[in-house]
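Okay, structure first, notes after.
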Amino acid sequence: MAETVSGRRFLFLALPLLAALGRGPAHAAAQELRHPPARIGVIGAGIGGTSAAYFLRQKFGKDVQIDVFERGEVGGRLATVNVEGRYYEAGGSIIHPLNLHMKHFVKELGLSVPHSQGGLLGIYSGDEFVFEESSWYVWNFFKLLWYYGLNPVRMYLWVEEILDKFMRIYRYQSHDYAFSSNEGLLHALGGADFLQMLNRTIDEAMQKAGFSQKFINQMVTPVMRVNYGQGANINSFVGAVSLAGADSGLWSIEGGNKLVCTGLLYASKAQLIPGTVISLEEKTLQKGRTGGTVKRYEVTYNSTSGLTTDLYDIILIATPLYRKIANITFRNFSPSIPEFSQPYHQTVATFVHGHINTTFFGYQDPSAFHLSGIFTMENPKLFINSIGVVSPVQDKMKELQGPPVWKVFSPQPLTKEQMDLLFSSYDSVEVKEWLAYPHYSPPEKCPPVVLHDRMYYLNSIEWVASAMEMSAISAKNAALLAYHRWYNKMDMIDQEDLHERLRTEL
Ligand SMILES: Cc1cc2nc3c(=O)[nH]c(=O)nc-3n(C[C@H](O)[C@H](O)[C@H](O)COP(=O)(O)OP(=O)(O)OC[C@H]3O[C@@H](n4cnc5c(N)ncnc54)[C@H](O)[C@@H]3O)c2cc1C
Ligand SMILES: *[C@@H]1O[C@H](CO)[C@@H](O)[C@H](O)[C@H]1NC(C)=O
Ligand SMILES: *[C@@H]1O[C@H](CO)[C@@H](O)[C@H](O)[C@H]1NC(C)=O
Ligand SMILES: *[C@@H]1O[C@H](CO)[C@@H](O)[C@H](O)[C@H]1NC(C)=O
Ligand SMILES: *[C@@H]1O[C@H](CO)[C@@H](O)[C@H](O)[C@H]1NC(C)=O
C-alpha cells in the first residue's frame with residue numbers, strides 16, 4: 001500500500017504509527033482495545049477502592065460493569081468502634097482542610113462535618129512534661145517562642161511550601177493527566193527536591209533546613225509518633241504530611257469517615273461483591289468464530305457461595321499487597337508480579353472509658369491536670385505513643401455522662417499491668433489492632449503502579465505517605481491511567497513540565 005501514496009503523505013501516516021510503535025506492548029493490543037471495556041474489577045472497598053469506583057464511572061461511562069470485592073467491611077481502615085453505645089473513629093480520623101478530593105466527596109454525597117472542639121495538649125518525655133498548652137492562646141504563643149525560638153513559625157512556612165507544590169496534583173488531575181509511577185507523580189509536583197524527600201528522614205531534612213534538634217525531638221517526633229506510630233526516622237515526605245496533620249482546621253465526618261466509602265460505592269453504581277480474592281490470573285480467550293484472541297484477568301474469590309471465578313478487562317488493586325494483609329496469588333503472569341515484602345507497621349488503638357491516672361504522668365493533684373491529649377517523645381521506657389480524649393462520631397457536642405473515653409495508641413496491646421498504671425479506674429475497654437501504615441525506612445522505593453498491562457496497584461502511594469487523601473489521589477490517578485492506556489492516549493501519561501504548561505494554558 002505504501003507505494004500508492006506520495007512520500008509526504010506516507011510520512012504523515014507513518015508518524016502516528018511510529019509513535020505508536022514507540023509505546024511498546026500497548027500497541028499490539030491497541031486494535032482490540034478500541035471498544036469500551038465490559039467489566040472492571042476493584043479489589044478492596046476502603047477509601048481507595050470506593051473512590052476508584054467513583055472515578056472509573058466518571059471516565060468510562062455508564063455502560064461498564066464495575067465490581068468491588070471486599071472481604072470485610074466497606075471502609076477498611078476507616079472504621080468505628082462502639083464504646084458504651086457510642087461510636088468513635090478507630091482508624092483514619094482527621095482530614096486536612098486542603099484535602100480537596102475528600103472535601104468534594106463530602107459535598108457530593110451530602111455528608112456533614114461538625115466542628116470539633118480541641119482540648120489542651122502536653123508533650124511528655126517519659127519523665128516530665130516538656131511542653132504544656134494552657135487555655136490562654138497568647139501565652140502558648142510566647143511559651144513556644146521562648147522554648148523554640150522561630151522554629152515553630154519556620155516549620156509552618158516549611159510545610160506550607162511543600163503543601164503548595166503538592167496541591168498541583170489537583171490541577172493535573174482536573175486536566176486528566178496521569179502518572180505511571182508514584183516517583184513520576186512526585187517529580188511532576190516538586191521536581192528532584194520532592195523525590196529526594198523519599199530518600200531522607202524527616203529528622204535529616206529538618207536538620208538540613210536548620211531546625212534545632214531540641215525542636216525536632218520535642219515537637220516533631222511526638223507528632224510522627226501519634227500519626228504514624230514511628231519516630232522522626234520516617235521519610236521526610238510522609239513526615240511533612242504528618243506535620244500538616246497538626247494544622248488547625250482539621251475535620252472529620254459526622255457519623256464516621258467510613259460513610260464516604262459507602263456513599264461513593266452507591267454513587268458509582270458499582271456492585272459490591274462480599275468475598276476474599278485469593279488469586280489473579282491472565283487468561284487468553286478465543287474471540288468467537290472469527291478467530292483472534294482477547295486477554296482477560298480471572299479473579300478467584302471465596303464467598304459464602306464457595307470459590308468463584310469471574311473475568312475482567314481491567315483490574316485495580318486497592319489494598320496493600322502485603323501477605324499478612326491481602327494474600328493474593330498471581331498465577332501465570334509474564335513477566336511475573338514481584339513479591340511485596342516491605343512490612344506494614346502495627347499500631348494498636350485502645351479505647352478506654354475511665355479516669356486517667358494523673359500520678360503516672362507526674363501530677364500528684366488530679367485537679368491540677370487539665371490536659372485532654374498527651375503526645376510522647378522517643379523513650380524506651382514508654383509503652384504508649386499517645387493518649388487523648390476522643391469525641392464520638394455523632395452528636396459530638398452532646399455532653400457525656402461520667403468519665404471521658406480515651407484513645408491510646410501503642411505499638412503492642414496493653415497488658416493489664418499497663419492499663420492499671422495508665423488509668424486510676426475504668427470500665428469498658430475496646431481494642432483494635434491494625435497493620436496501620438507502611439513501616440517507613442528511607443530511602444523508600446515505591447512498588448510499581450502498573451503491575452501488568454491493565455492491572456494497577458493503588459496502595460503503592462502509601463510508601464510516599466499513607467492517608468485518606470493520598471488513597472483518593474491514587475484512585476483518581478489509577479482511573480485516569482487505566483482509561484488512557486485502554487484508549488491508547490499516551491500523551492496524557494507521564495508528561496513533563498505540566499506545571500509550566502498548565503500555567504500558560506489559561
Ligand atoms: C490507626 C490509624 C490512624 C490513621 N489516621 C489517619 C488520619 O488521621 N488521617 C488520614 O488521612 N489517614 C489516617 N490513617 C491512614 C488511612 O486510614 C489509610 O491511609 C486509608 O484509610 C487507606 O485506605 P485504602 O482504601 O487505601 O486501604 P484500606 O482501607 O486498607 O482498604 C483495603 C480494603 O481491602 C480489603 N481487602 C484486603 N484484602 C482483600 C482480599 N484479598 N479480597 C477482598 N478484599 C480485600 C480490606 O478488607 C480493606 O477493606 C490512619 C490509619 C490507621 C490504621
Ligand atoms: C534515592 O535513593 C536511591 C537508592 O536507594 C537511588 O537509586 C535514587 O537515585 C535516589 N534518589 C534521589 C532523588 O536522590
Ligand atoms: C473459603 O471460605 C470458607 C468459609 O469461610 C473456608 O472454610 C475455606 O477454607 C475458604 N477457602 C479458601 C480456599 O480460602
Ligand atoms: C498465603 O496463601 C498461601 C496459599 O494460597 C499460603 O500457603 C500462605 O501460608 C498464605 N500466607 C499467609 C501469610 O497467610
Ligand atoms: C498510678 O501511677 C502511679 C505512678 O506510676 C502508680 O504508683 C499507681 O499504682 C498508679 N495507679 C493508681 C490507681 O494510682
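Note that ligands are numbered from 1 as they come in the structure, with each ligand's atoms numbered from 1 the same way. Hydrogens, waters and symmetry mates are skipped; everything else that's a heavy atom, side chains included, is used.
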Query raised in the report: Does ligand 1 have any atom sitting under 4.0 Å from a heavy atom of Ser474?
Result: no
Report task. Could you say whether the N/O atoms of Met468 and ligand 1 ever approach to under 3.5 Å? Result -> yes
Report summary line: atom 9 (N) of ligand 1 sits nearest the protein heavy atom Ile94 O, 2.9 Å
Report task. Fit a plane to each ring of Phe340 and Tyr457, take the angle between them on a 0 to 90° scale, and name the class: parallel (under 30°), tilted (30 to 60°) or perpendicular (over 60°). Result -> tilted
Query raised in the report: What do you reckon, does Val277 have a nitrogen or oxygen under 3.5 Å from a nitrogen or oxygen of ligand 1?
Result: yes
Query raised in the report: Would you say the side chain of Met155 lies within less than 4.5 Å of the side chain of Met206, judging by non-hydrogen atoms?
Result: yes
Query raised in the report: Going by the atom numbers of ligand 1, which of them fall below 4.0 Å from some non-hydrogen atom of Ser93?
Result: 5 (N), 6 (C), 7 (C), 8 (O)
Report task. Of the side chain and backbone of Ile278, name the one, both, or neither that has a heavy atom under 4.0 Å from an atom of ligand 3. Result -> side chain
Query raised in the report: Does atom 5 (O) of ligand 5 have a protein heavy-atom neighbour under 4.0 Å away?
Result: yes
Requested in this report: Give the ring-plane orientation class for Phe129 versus Tyr124, where under 30° counts as parallel, over 60° as perpendicular and anything between as tilted.
Outcome: tilted
**Report entry** Within reach of ligand 1, part of Ala349 (heavy-atom separation under 4.0 Å)
**Finding:** neither
Requested in this report: Taking the six-membered ring for Trp and the single ring otherwise, decide whether the centroids of Tyr297 and Tyr312 are under 6.0 Å apart.
Outcome: no
Report task. Give the residue and atom name of whichever protein heavy atom lies nearest to atom 53 (C) of ligand 1, and the separation in Å to one decimal. Result -> Ala436 CB, 3.3 Å
Requested in this report: Would you mind checking which non-hydrogen protein atom is closest to atom 37 (C) of ligand 1, with the distance to 0.1 Å?
Outcome: Thr319 OG1, 3.2 Å
Query raised in the report: Are any non-hydrogen side-chain atoms of Ser303 and Pro274 less than 4.5 angstrom apart?
Result: no
Report task. Provide, to 0.1 Å, the distance between atom 1 (C) of ligand 3 and the closest protein heavy atom, together with that atom's residue and name. Result -> Asn302 ND2, 1.4 Å
Query raised in the report: Which is it for Asn459 and ligand 1 at heavy atoms under 4.0 Å: side chain, backbone, both or neither?
Result: side chain
Query raised in the report: Backbone or side chain, does any N or O of Asn357 fall under 3.5 Å from an N or O of ligand 5?
Result: yes
Query raised in the report: Salt bridge or not for Lys59 and Asp176, using N-O below 4.0 Å?
Result: yes
Query raised in the report: For atom 46 (C) of ligand 1, what's the nearest protein heavy atom and its distance?
Result: Glu70 OE2, 3.4 Å
Query raised in the report: What protein heavy atom sits nearest atom 7 (O) of ligand 5, and how far off is it?
Result: Leu421 CD2, 5.0 Å
Query - Leu78 heavy atom under 4.0 Å from ligand 1 - result: yes
Query raised in the report: Does a side-chain N-to-carboxylate-O contact under 4.0 Å join Arg225 and Glu378?
Result: yes
**Report entry** Element-labelled atoms of ligand 1 that are located less than 4.0 Å from some non-hydrogen atom of Ser471
**Finding:** 22 (C), 23 (O), 24 (P), 26 (O)
**Report entry** Ion pair check, Glu160 and Lys165, cut-off under 4.0 Å
**Finding:** no
**Report entry** For atom 31 (O) of ligand 1, closest protein heavy-atom neighbour
**Finding:** Gly46 CA, 3.5 Å
Report summary line: Only residue of Arg296, Lys283, Arg39 satisfying salt bridge (charged side-chain N to carboxylate O under 4.0 Å, His left out) with Asp310 is Arg39
Requested in this report: Return a yes/no value for Glu462: is any of its N or O atoms, backbone included, closer than 3.5 angstrom to an N or O of ligand 1?
Outcome: no
Report summary line: Looking only at protein heavy atoms, what sits closest to atom 13 (C) of ligand 5 is Ser424 CA, 3.8 Å
Query raised in the report: Does the N or O separation between Gly44 and ligand 1 drop below 3.5 Å for any pair?
Result: no
Report task. Can you spot which of Gln346, His345, Gln342 makes a side chain to side chain donor-acceptor pair (under 3.5 Å) with His439? Result -> His345
**Report entry** Charged N-O contact under 4.0 Å between Lys407 and Glu89
**Finding:** no
Report task. Report the part of Ala467 in contact with ligand 1, treating N, CA, C, O as backbone and CB onward as side chain, heavy atoms under 4.0 Å; options are side chain, backbone, both, neither. Result -> both
Query raised in the report: Can you find a protein heavy atom under 4.0 Å from atom 9 (O) of ligand 3?
Result: no
Query raised in the report: Just which atoms of ligand 1 are under 4.0 Å from any heavy atom in Thr276?
Result: 41 (N), 42 (N)
Requested in this report: Have a look at Gly76, Ser466, Gly92 and point out the one with the heavy atom closest to atom 18 (C) of ligand 1.
Outcome: Ser466
Report summary line: Ranking Glu469, Glu73, Arg77 by closest non-hydrogen atom to atom 21 (O) of ligand 1, top hit is Arg77
Requested in this report: Please work out which of the three classes, parallel, tilted or perpendicular, describes the rings of Tyr54 and Phe105, given edges at 30° and 60°.
Outcome: perpendicular
Query raised in the report: Considering only protein heavy atoms, which is closest to atom 44 (N) of ligand 1, and at what distance to one decimal place?
Result: Arg71 N, 3.2 Å
Query - Gly48 neighbourhood, listing ligand 1 atoms whose heavy-atom distance to it stays under 4.0 Å - result: 24 (P), 25 (O)
**Report entry** Student check: side-chain heavy atoms of Val106 and Ile253 closer than 4.5 Å
**Finding:** yes
Report summary line: ligand 1 atoms nearer than 4.0 angstrom to some heavy atom of Gly275 are 42 (N), 43 (C)
Requested in this report: Measure from atom 32 (C) of ligand 1 to every heavy atom in Ala472, Cys261, Ala318 and give the option owning the shortest one.
Outcome: Ala318
Requested in this report: Output the list of atoms in ligand 1 that are nearer than 4.0 Å to some heavy atom of Gly75, sorted by atom number.
Outcome: 29 (O)
**Report entry** Salt-bridge contact Lys103-Glu108 (side-chain N to carboxylate O under 4.0 Å)
**Finding:** no
Report task. Answer with yes or no whether the side chains of Asp420 and Tyr426 bring together a donor and an acceptor at under 3.5 Å. Result -> yes
Requested in this report: Could you tell me how the ring of His101 sits relative to the ring of Tyr170: parallel (under 30°), tilted (30 to 60°) or perpendicular (over 60°)?
Outcome: perpendicular
Report task. Mind telling me whether Phe194 and Phe237 have parallel, tilted or perpendicular rings, with 30° and 60° as the class edges? Result -> perpendicular
Report task. Return yes or no for this condition: an N or O of Ile47 is under 3.5 Å from an N or O of ligand 1. Result -> yes
Query raised in the report: Is any side-chain heavy atom of Val260 less than 4.5 Å from a side-chain heavy atom of Leu111?
Result: yes
